[in-house]
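For the numbers below, each heavy atom of this structure counts, side chains included, while hydrogens, waters and symmetry mates do not.
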Amino acid sequence: MTPVCPFVKASRPDDGSPRKPGECPIKHGAEHEGGGKAKKESGGESATVSPKCPFGYDSQTFKLGPLSCMICQALLFDCSKCVPCSHVYCKVCISRFKDCPLCGADVEKIEADTDLQSVVDRFIDGHARIKRSHVDMDKEGEAGENKKVIYEDVSLERGAFLVQQAMRAFRAQNVESAKSRLSLCAEDIRGRIETVGNTSELCSQLGAVLGMLGDCCRAVGDAGSAVTYFEESVEFLSKLSAADLEITHTHSVSLNKIGDLKYYDGDLEAARSYYMRSLNVRRDAIKHHPSVSSQTLDVAVSLAKVADADRSIGNEDAALDRFHEAIKLLESLTLKPEEAGLEQRRLSVLEFLNNQLAEKQSD
């Protein structure tokens with residue numbers, strides 16, 4: 001699972017508002033509507049008030065609140081209480097310890113805390129679901145004010161919040177917690193799609209979240225479910241424009257992950273088919289962004305995967321052609337000073353490709 005919000009993507013051509021690289025579009029959407037800061041329109045007749053969670057949880061800041069597990073730092077999942085100290089953690093997290101991480105007391109046994117888990121579940125179910133319309137401040141009894149207050153649609157915050165909690169849990173190897181949060185996020189997005197249709201924003205978000213669910217299943221060895229999630233991710237992402245770099249990358253990565261699972265399962269023909277689809281997606285993308293170095297690297301990686309599958313199937317000539325094509329791409333790639341971080345990846349892929357050719361020559 002990628003350690004960034006899967007809602008992140010580059011600004012679209014029709015999106016004239018600025019967005020920083022790595023910034024979540026859910027957050028961006030809220031800010032574009034006036035989030036985070038009180039704004040006044042011309043004449044000072046209105047202002048925007050950002051939503052605030054009473055526990056301090058939001059997707060834009062790092063917060064360990066009263067409902068957080070101090071080990072994985074995500075919201076509690078399958079709450080379990082240590083005996084005798086009564087400190088509470090996720091069951092998966094505390095099961096790895098013999099002493100309480102907070103107080104050091106011996107953990108004699110672990111008991112389920114269903115009451116606290118019920119509170120956490122109710123909090124998650126209601127968090128960031130409220131949408132308020134314009135409010136006339138005079139009607140609210142605030143003397144001296146004659147302007148409307150626009151409360152943000154805090155549902156824009158909910159998806160990023162759930163993904164944030166899922167990523168924290170996944171990094172701490174609490175996969176079931178991550179799956180639970182991502183499933184809620186996917187359910188929310190599906191509900192929105194039923195209401196407003198397959199918009200590019202919702203399809204990209206759902207495709208990314210489904211891909212993360214696939215990563216969760218793969219992490220616990222459930223290859224069948226992982227393939228199902230990745231295929232559904234591909235279904236939604238394939239509906240979107242190839243001009244969007246983030247969407248294209250997520251789309252091609254999901255295809256490659258299915259190919260990897262098929263490859264390890266011994267279905268080489270199916271693996272090659274998915275690798276080839278990923279390569280075609282990346283070739284299309286490079287037509288839209290020929291000067292983006294990362295796209296060239298992606299194409300080289302896909303060529304290597306298809307070539308490796310070709311060699312395993314017995315198509316040695318086709319494999320050599322793709323290895324040589326990938327090497328030529330990487331050797332001709334000139335990185336800009338600000339792209340220095342890509343150099344290590346370029347050298348790593350190039351080393352792999354040259355080793356593949358060396359193996360053939362030594363046979």
Can you find a pair of side-chain heavy atoms, one from Leu162 and one from Leu182, that are under 4.5 Å apart?
no

When clusters are formed by joining ILVMFWY residues with side-chain heavy atoms under 4.5 Å apart, either directly or through shared neighbours, do Val92 and Ile110 land in the same one?
no

If hydrophobic clusters are built from ILVMFWY residues whose side chains come within less than 4.5 Å, do Leu116 and Val83 share one?
no

Co-members of the apolar cluster containing Val175 [side chain, <4.5 Å]
Val220

In the hydrophobic clustering (ILVMFWY, side-chain contacts below 4.5 Å, transitive), which residues join Ile286, or is it alone?
Tyr263, Tyr264, Leu268, Tyr275, Met276, Leu279, Val299, Leu303, Val306, Ile313, Leu329

Taking only residues two or more places apart in sequence, or in another chain, which ones meet [X] in a side chain to side chain donor-acceptor pair (under 3.5 Å)?
{"X": "Lys305", "result": "Asp260"}
{"X": "Glu187", "result": "none"}
{"X": "Arg282", "result": "Ser252, Ser302"}
{"X": "Asn174", "result": "none"}

Suppose we screen for salt bridge (charged side-chain N to carboxylate O under 4.0 Å, His left out). Which residues come up paired with [X], at least two apart in sequence or across chains?
{"X": "Lys336", "result": "none"}
{"X": "Arg346", "result": "Glu343"}
{"X": "Arg345", "result": "Asp298"}

Can you tell me how far the [atom1] atom of [X] sits from the [atom2] atom of [Y], to the nearest 0.5 Å?
{"X": "Glu111", "Y": "Cys82", "atom1": "CD", "atom2": "SG", "value": "10.0 Å"}
{"X": "Ile94", "Y": "Cys100", "atom1": "CD1", "atom2": "SG", "value": "6.0 Å"}
{"X": "Asn198", "Y": "Arg192", "atom1": "CG", "atom2": "CZ", "value": "12.5 Å"}

For the pair [X] (side chain) and [Y] (backbone), establish whether a donor and an acceptor sit closer than 3.5 Å, ignoring hydrogens and angles.
{"X": "Thr250", "Y": "Glu246", "result": "yes"}
{"X": "Asp244", "Y": "Ile247", "result": "yes"}
{"X": "Arg168", "Y": "Gln73", "result": "yes"}
{"X": "Asp308", "Y": "Ala304", "result": "no"}
{"X": "Ser183", "Y": "Lys179", "result": "yes"}
{"X": "Asp125", "Y": "Asp121", "result": "no"}

Heavy atoms of Asp99 and Val107 approach each other most closely as C-CG2, 3.7 Å

For residues Ala74 and Ala169, report the shortest heavy-atom separation together with the two atoms involved.
CB-N, 4.0 Å

Is Arg218 salt-bridged to Asp215, going by a charged N under 4.0 Å from an acidic O?
yes

Before you tell me yes or no, could you show the steps for Lys287 and Asp284 under salt bridge (charged side-chain N to carboxylate O under 4.0 Å, His left out), namely the whole-Å CA-CA distance, both residues' side-chain angles and the distance that decides it to 0.1 Å?
CA-CA 5 Å; Lys287 294 176 183 177; Asp284 287 342; 3.8 Å; yes

Donor-acceptor side-chain pairing of Gln117 and Asp113 below 3.5 angstrom
no

How about Ser118 and Arg122: does a side-chain donor come under 3.5 Å of a side-chain acceptor?
yes

Is it true that atom NZ of Lys239 has more than 12 heavy atoms of other residues, nucleotides or ligands lying nearer than 6.0 Å?
yes

Would you give me the side-chain donor-acceptor pairs under 3.5 Å for residues 224-238, sequence neighbours excluded?
{"unit_1": "Ser225", "atom_1": "OG", "unit_2": "Asp222", "atom_2": "OD1", "d": "3.3"}
{"unit_1": "Ser225", "atom_1": "OG", "unit_2": "Asp222", "atom_2": "OD2", "d": "2.7"}
{"unit_1": "Thr228", "atom_1": "OG1", "unit_2": "Gly224", "atom_2": "O", "d": "3.1"}
{"unit_1": "Glu231", "atom_1": "OE2", "unit_2": "Tyr274", "atom_2": "OH", "d": "2.7"}
{"unit_1": "Glu232", "atom_1": "OE1", "unit_2": "Arg190", "atom_2": "NH2", "d": "3.4"}
{"unit_1": "Glu232", "atom_1": "OE2", "unit_2": "Arg190", "atom_2": "NH1", "d": "2.8"}
{"unit_1": "Glu232", "atom_1": "OE2", "unit_2": "Arg190", "atom_2": "NH2", "d": "2.7"}
{"unit_1": "Ser233", "atom_1": "OG", "unit_2": "Gly207", "atom_2": "O", "d": "2.6"}
{"unit_1": "Ser233", "atom_1": "OG", "unit_2": "Ser254", "atom_2": "OG", "d": "3.3"}
{"unit_1": "Ser238", "atom_1": "OG", "unit_2": "Val234", "atom_2": "O", "d": "3.0"}
{"unit_1": "Ser238", "atom_1": "OG", "unit_2": "Glu235", "atom_2": "O", "d": "2.9"}

Could you note down all residue pairs passing side chain to side chain donor-acceptor pair (under 3.5 Å) where residues 78-90 supplies at least one of them, sequence neighbours left out?
none

Show every donor-acceptor pair shorter than 3.5 Å between a side-chain atom in residues 288-297 and any protein atom, with sequence neighbours excluded, or say none if there are none.
{"unit_1": "His289", "atom_1": "NE2", "unit_2": "Ala243", "atom_2": "O", "d": "2.6"}
{"unit_1": "Ser293", "atom_1": "OG", "unit_2": "Glu339", "atom_2": "OE1", "d": "2.8"}
{"unit_1": "Ser293", "atom_1": "OG", "unit_2": "Glu339", "atom_2": "OE2", "d": "3.3"}

